[in-house]
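The structure appears below as structure tokens.
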Amino acid sequence: MKIVIAEKPSVGRELAKVFGATTKRDGYIEGKGYSFTWAFGHLLQLAPPQEYGYIGWRRQHLPMLPKKFKLGIRKIKTKDGMVEDPGVRKQLDIIKKLFDEATEIIVATDAGREGELIFRYIYYFLKCKKPFKRLWISSQTDEAIKDGFRNLKPGTDYDTLFNSAHCRSESDWLVGMNATQALSISAGSRSVLSLGRVQTPTLAMICSRYLEIKNFVPQLYYQLAIQLDKDGQLFRAMSVSNFDKKEDAEALFAKIQDVGSGFANGGKILTVEAKPRKEPPPLLHDLSSLQQEANKKKGFTADQTLNLLQGLYESKLITYPRTGSRYIGDDVFAGVPALIEKLKGHKDFGRQAEYLSSAKLNKRSVNAKKVTDHHAILSTGEPPYQMSDDKQAIYDMVVGRMLEAFHEECIKEITKITVESGSVFVANGTVIQSAGWRSVFNEKDEEKKDEENPSLPKVKAGEELPVVNKALLEKQTKPKPLYNEASLLKALETSGKDIEDEELRYAMKDSGLGTPATRAAIIETLLNREYIVREKRNLVPTTKGLAVYDVVKDKKIAQSELTGQWEKRLEEIRSGASVLDFKAEITDYTRVITDELLLAGAGLAEKFT
DNA sequence: GCAAGGTC
């Protein structure tokens, strides 16, 4: 019997289906000489400190540096504290039984670093010695799966990938557990003051933005506005320059040749530019972009959106939601017309689906090279059932985006008119000529509607028009806004893009801080620790959060560069570099940060209790 | 009591 082990049930079932295996057993599917089983993500985790004899949180234990890490079954929180997850225990027993019977093991966990780790932890925990082969595919279509099985790789090809994953896991434990205990102990805090490679830079971003706003001194500046009349159609133009000094603005304001000052035609058209601009459709959604949109449109938290998506996924209405890719491959694209066909009955988007079903589809979101472990979120074509309003809203965001993404470009005409009247003014106008993808939701562009005219009259250079109104505007510079869940998710995703060191920036280019699957949980952790609170839709630090930030803000653990450095080294390990060197670096750093925090945290608790 | 990672 050959055993195939997937990362999650949905993939195990899909693989079984492709093989025509149909006998459903408890925790696996059998048929055609194979058994298809699965994990539920990580079933095993690094054992907590007490399992190495570090009982209680004590200064003399620090730094905790286990000689050899142990694995334990994933725990869940109950009213009696942390206990082994019974479902996980049961599935591990099933996997063990199957491995014992196996003639060959085929590893079909997700094609990536964590997928490799999920399997290897199970394999080593069960003390399995049988050889295994690796299925490595990035698309779940029948063809891709069959092709993958025809090209199974030797399991050992991925030993270095496992090494990098293993280092990631142990390093996070070493730095996180030690830093957390060091700070909590030295602060004399009753509550846990947790720190970690991801959560602490995230906290730092929220705190530094908050302080930046608090210390922001608004600057006054001035701008001039005029209103012109072209055969009864009024439009507005703004001075090209801003003025820091009121006198400067007033001097030019006085020179405006408006009707009130006795000029019949005081605005002279200098230039008129009109050009079409093509606006491509947005990409399909990945988890993060959908969480951001749901936060903006509906005020859902990242965690709520993830839960709603998980529900839709479990009822097979959408594809895998924890994806970091906004693209699909050509094979998946081949199935898109059929999906669009099924949307014809949708109450809001039916007409657009109708239109698209006979149109040439836009392929901007089709790029197999940009599909990572999973492709972008799509509907599955399953008929939707009656669902809660919140779930429906999320489902509609998924299918609405699909229609947008495969729609044609929106074509706008951008007009820019410059006018002279004492000084130079400019009027901008945008007219949508062909809505294209924008007809799906039919919403206004939120940015820059402030100073724009929806449409401008037809004018010619050299023409002179009456200035019917003028204004001297006093304005203030504004600070950046507080983070909300949408902007924080975006910031986590793009974190690392502005790191100065080119190599570190490169190492983080595909990752950012955290992963799509964990970012919602990171935000929840900061809330649970009472480091931050939600105020309306904003995320605002508490006194406690600010006190912790103050202690760690100049340390490496609070900077996203730390992740950049790790990613760079982990990639080197994946391509064969020494594991021992990296482990030695991490051990050194663990000692340093532990010592620093044991000193720096002294008396901290008094600042927030 | 604690990390970050995955998923039901």
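Throughout, a chain's letter reflects where its sequence line sits, starting with A, and its residues are numbered from 1.
- A cation-pi arrangement is absent between A/Lys130 and A/Phe99, since the terminal nitrogen or guanidinium carbon is not both under 6.0 Å from the aromatic centre and inside a 45° cone about the axis.
- Scanning residues 177-192 of chain A for heavy-atom distances under 4.0 Å to DNA chain B yields A/Met177, A/Thr180, A/Gln181, A/Arg190, A/Val192.
- Computed from coordinates, the A/Gln199 CD to B/dC2 P distance equals 10 Å when rounded to whole Å.
- Ion pairing between A/Lys316 and A/Glu14 fails under the 4.0 Å rule for side-chain N and carboxylate O.
- A cation-pi geometry, defined here as NZ or CZ lying under 6.0 Å from the six-membered ring centre and within 45° of its normal, does not hold between A/Arg569 and A/Phe582.
- For A/Ile522, the side-chain atoms get nearest to B/dA4 when compared with the rest of B/dA4, B/dC8, B/dC2.
- Taking atom NZ on A/Lys77 and atom C1' on B/dC8, their separation rounds to 18 Å, with Å as the unit.
- Taking atom NZ on A/Lys75 and atom C1' on B/dC2, their separation rounds to 14 Å, with Å as the unit.
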With a 3.5 Å cut-off and sequence neighbours excluded, list the donor-acceptor pairs that the side chains of residues 186-194 of chain A form with protein atoms.
{"unit_1": "A/Ser186", "atom_1": "OG", "unit_2": "A/Ala182", "atom_2": "O", "d": "3.0"}
{"unit_1": "A/Ser186", "atom_1": "OG", "unit_2": "A/Leu183", "atom_2": "O", "d": "3.4"}
{"unit_1": "A/Ser186", "atom_1": "OG", "unit_2": "A/Leu597", "atom_2": "O", "d": "2.9"}
{"unit_1": "A/Ser189", "atom_1": "OG", "unit_2": "A/Ser191", "atom_2": "N", "d": "3.1"}
{"unit_1": "A/Ser189", "atom_1": "OG", "unit_2": "A/Ser191", "atom_2": "O", "d": "2.6"}
{"unit_1": "A/Ser189", "atom_1": "OG", "unit_2": "A/Ser191", "atom_2": "OG", "d": "3.2"}
{"unit_1": "A/Ser191", "atom_1": "OG", "unit_2": "A/Lys544", "atom_2": "NZ", "d": "2.9"}
{"unit_1": "A/Ser194", "atom_1": "OG", "unit_2": "A/Gln199", "atom_2": "OE1", "d": "2.6"}
{"unit_1": "A/Ser194", "atom_1": "OG", "unit_2": "A/Arg529", "atom_2": "NE", "d": "2.7"}

In residues 512-522 of chain A, what donor-acceptor pairs under 3.5 Å come from side-chain atoms, sequence neighbours left out?
{"unit_1": "A/Thr515", "atom_1": "OG1", "unit_2": "A/Ala517", "atom_2": "N", "d": "3.4"}
{"unit_1": "A/Thr515", "atom_1": "OG1", "unit_2": "A/Thr518", "atom_2": "N", "d": "3.4"}
{"unit_1": "A/Thr515", "atom_1": "OG1", "unit_2": "A/Thr518", "atom_2": "OG1", "d": "3.0"}
{"unit_1": "A/Thr518", "atom_1": "OG1", "unit_2": "A/Thr515", "atom_2": "N", "d": "3.0"}
{"unit_1": "A/Thr518", "atom_1": "OG1", "unit_2": "A/Thr515", "atom_2": "O", "d": "3.2"}
{"unit_1": "A/Arg519", "atom_1": "NE", "unit_2": "A/Leu513", "atom_2": "O", "d": "2.8"}
{"unit_1": "A/Arg519", "atom_1": "NH2", "unit_2": "A/Ser511", "atom_2": "O", "d": "3.0"}
{"unit_1": "A/Arg519", "atom_1": "NH2", "unit_2": "A/Leu513", "atom_2": "O", "d": "3.3"}
{"unit_1": "A/Arg519", "atom_1": "NH2", "unit_2": "A/Gly514", "atom_2": "O", "d": "3.2"}

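- Map A/Gly115 and A/Pro49 each onto its nearest nucleotide of DNA chain B; the residue landing nearer the 5' end is A/Pro49.
- OP1 and OP2 of B/dA4 both lie 4.0 Å or more from every side-chain N or O belonging to A/Arg519.
- Nucleic acid contact class of A/Ser194 (heavy atoms, under 4.0 Å, all strands): sugar-phosphate only.
- Both the sub-6.0 Å distance and the 45° axial angle are satisfied by A/Lys70 relative to the ring of A/Tyr52.
- Between the C1' atom of B/dA3 and the CH2 atom of A/Trp57 lies a distance of 11 Å, rounded to the nearest Å.
- As rounded to whole Å, 11 Å separates atom C1' of B/dA3 from atom CZ of A/Phe69.
- Scanning atom types as modelled, one donor and one acceptor separated by under 3.5 angstrom connect the side chain of A/Gln50 and the base of B/dC2.
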Result block: side-chain N/O donor-acceptor pairs under 3.5 angstrom for residues 599-609 of chain A, not counting sequence neighbours:
{"unit_1": "A/Thr609", "atom_1": "OG1", "unit_2": "A/Ala605", "atom_2": "O", "d": "2.6"}

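- Each of A/Arg168, A/Arg113, A/Lys509 was scored for a salt bridge (Lys or Arg N to Asp or Glu O under 4.0 Å) with A/Glu567, with one residue passing: A/Arg113.
- Judged by the 6.0 Å distance and 45° axis criteria, A/Lys8 is positioned over the aromatic ring of A/Tyr320.
- In this pair, A/Phe162 and A/His166 present their aromatic rings parallel. The plane angle is below 30°, not in the 30 to 60° band.
- The distance from atom CG of A/Leu203 to atom C1' of B/dA4 is 16 Å, rounded to the nearest whole Å.
- Distance, A/Ile55 CD1 to B/dG1 C1': 13 Å, rounded to whole Å.
- Within the 4.0 Å cut-off from OP1 or OP2 of B/dG5, at least one side-chain nitrogen or oxygen of A/Thr518 is found.
- A cation-pi arrangement, defined by a distance under 6.0 Å to the six-membered ring centre and an angle within 45 degrees of its axis, is present between A/Arg13 and A/Trp38.
- Residue order along DNA chain B, read from the 5' end via each residue's closest nucleotide, puts A/Gly81 first among A/Gly81 and A/Pro9.
- For the contact set between residues 36-47 of chain A and DNA chain B, defined by any heavy atom under 4.0 Å, the members are A/Phe40, A/Gly41, A/His42, A/Gln45, A/Leu46.
- DNA chain B lies under 4.0 Å from at least one heavy atom of each of the following residues of residues 167-175 of chain A: A/Arg168, A/Ser169, A/Asp172, A/Trp173.
- Picking from B/dA3, B/dT7, B/dC8 the nucleotide with the shortest atom distance to the side chain of A/Gln310 gives B/dC8.
- The aromatic rings of A/Tyr34 and A/Phe36 lie parallel to each other, their planes meeting at an angle below 30°, with 60° marking the opposite boundary.
- Note: CZ (A/Arg197) to P (B/dC2) measures 19 Å, nearest angstrom.
- For the pair A/Asp110 (side chain) and A/Gly112 (backbone), a donor-acceptor distance under 3.5 Å is absent.
- In terms of phosphate contacts, A/Arg58 brings no side-chain nitrogen or oxygen within less than 4.0 Å of OP1 or OP2 of B/dG1.
- At the heavy-atom level, A/Phe119 lies nowhere under 4.0 Å from the strands shown.
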